[in-house]
Amino acid sequence: MKIATWNVNSINARLPTILAWLEKAAPDVVCLQEIKCVDEKFPTDAVAELGYEAAVHGQKTYNGVAILSKRGIEDVTCGLPGDDDDEQARYIEAVIPGETSAFRVASIYLPNGNPVDTEKYGYKLKWFERLRMHARGLRALEEPLVLAGDYNAIPRPEDVHDPAAWEGDALFRPETRSAWRALLWEGFTDAFMAVDGRMSQYTFWDYQGGAWQKDHGIRIDHLALSPQAADRLEGVEIDRKARAMEKPSDHVPVIGAFRD
DNA sequence: ATGGTCGCGTAGCGA
């Protein structure tokens, strides 16, 4: 069972690129972020032609998340509990039926939080805390669970090309890194870190300033695994090649392979 | 060098 996460920065602007990648990589499940469209504008038919069923939590212009699955999608829930006034489409969760056991999967688009001296950063930290509390409840189910997405959090200095340049940024502030660790302390494993003997790899390169050409990247797209999912983990791939495709997203897919 | 890159939507915001 291959489960991927990918911030696509508009599903419709990116559609040919996404379809080409899906056809080649052929993951079973894909968690998408920043689809930037309402549910009705999601290219349901185009992904169905490649064998994917879609669960969509869309929003006009901004945000928007979705889950694609070749193995069916059940028990879909949209939105993160903990704030009834939050109207931003940043969370969708579903169950993927499996041959031996089902996988619960969430597609997460955590708020960016910049600039840090505005209410945006407070919103980010509150959202992170809501996610931690929800994850605590899911953890107690003792299921294979993958919390996949764009966390807008750089865990360590090794995960950014120039830590000094990012000091003070909402993606690298101590409070942000602490919130990411607090999520893991609920009993989750950073899938990338669980594979030993490897250098850090980046998942995002800004469109500006030739960041990709200079390899000025950051690692912010993560798979957080429950113990039952971590037990089944066989490998993790960060697909750098996707950043060199035509009309690329500024993020690349992260793919986890699991025994099922 | 007083710009620089995208997407949305058609100005200026968000990333």
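Just so we're on the same page: letters track the sequence lines, and every chain starts at 1.
- Inspection of the Asp159(A) and Ser200(A) side chains reveals an N or O donor paired with an N or O acceptor under 3.5 Å.
- Using a cut-off of 4.0 Å between Lys/Arg side-chain N and Asp/Glu carboxylate O, Arg139(A) and Glu186(A) are scored as not salt-bridged.
- Both Glu34(A) and Asn12(A) lie near DNA chain B, and the one whose nearest nucleotide falls closer to the 5' end is Asn12(A).
- dT10(B) and dC6(B) have their C1' atoms separated by 15 Å, with the value rounded to a whole Å.
- The Ser10(A) side chain lies nearest to dC8(B) when the options are dC8(B), dA15(B), dG9(B).
- In this entry the distance linking CD1 of Ile35(A) with P of dC8(B) reads 12 Å, nearest Å.
- Centroid-to-centroid, the aromatic rings of His222(A) and Trp180(A) come within less than 6.0 Å.
- A straight line from CG of Asn112(A) to P of dC6(B) spans 18 Å, rounded to a whole angstrom.
- Atom NZ in Lys36(A) sits about 10 Å away from atom C1' in dC13(B), given to the nearest Å.
- Looking at heavy-atom distances under 4.0 Å, Tyr109(A) makes contact with sugar-phosphate atoms alone, never a base.
- Aromatic pair Tyr202(A)/His216(A): centroids not less than 6.0 angstrom apart.
- Remark: of the listed residues Lys36(A), Gln88(A), Arg90(A), Gln88(A) is the sole one forming a side-chain contact (heavy atoms from CB on, under 4.5 Å) with Gln59(A).
- In this structure, the nucleotide among dA15(B), dG9(B), dG7(B) sitting nearest to the side chain of Arg90(A) is dA15(B).
- Here, dA15(B) and dG9(B) have their P atoms 15 Å apart, quoted to the whole Å.
- Atom CG of Asn9(A) and atom P of dG9(B) are 13 Å apart (whole Å).
- Using P as the reference atom, dG12(B) and dG3(B) are 16 Å apart when rounded to the nearest Å.
- Lys41(A) comes within contact range of no nucleotide atom at all, as no heavy-atom separation falls under 4.0 Å.
- One can place NE2 of His216(A) at 15 Å from C1' of dG4(B), the figure rounded to the nearest angstrom.
- Mapping Arg14(A) and His251(A) onto DNA chain B by nearest heavy atom places Arg14(A) at the nucleotide closer to the 5' end.
- Closest to the side chain of Tyr62(A), out of dA15(B), dC13(B), dC8(B), is dC13(B).
- Relative to the side chain of Tyr207(A), the nucleotides dC6(B), dA15(B), dG14(B) differ in distance, and dC6(B) lies closest.
- Taking side-chain N and O atoms only, Lys247(A) has a distance below 4.0 Å to OP1 or OP2 of dG7(B).
- Residue Gln208(A) contributes atom CD, which lies 14 Å from atom C1' of dC13(B) at whole-angstrom precision.
- Going from atom CH2 of Trp166(A) over to atom P of dA15(B) covers 13 Å, rounded to whole Å.
- Closest to the side chain of Thr61(A), from the set dG9(B), dG7(B), dA15(B), is dG9(B).
- Distance Lys60(A) NZ to dG9(B) C1': 8 Å, rounded to the nearest Å.
- With hydrogens and angles left out, the side-chain atoms of Asn7(A) and Glu34(A) include a donor and acceptor closer than 3.5 Å.
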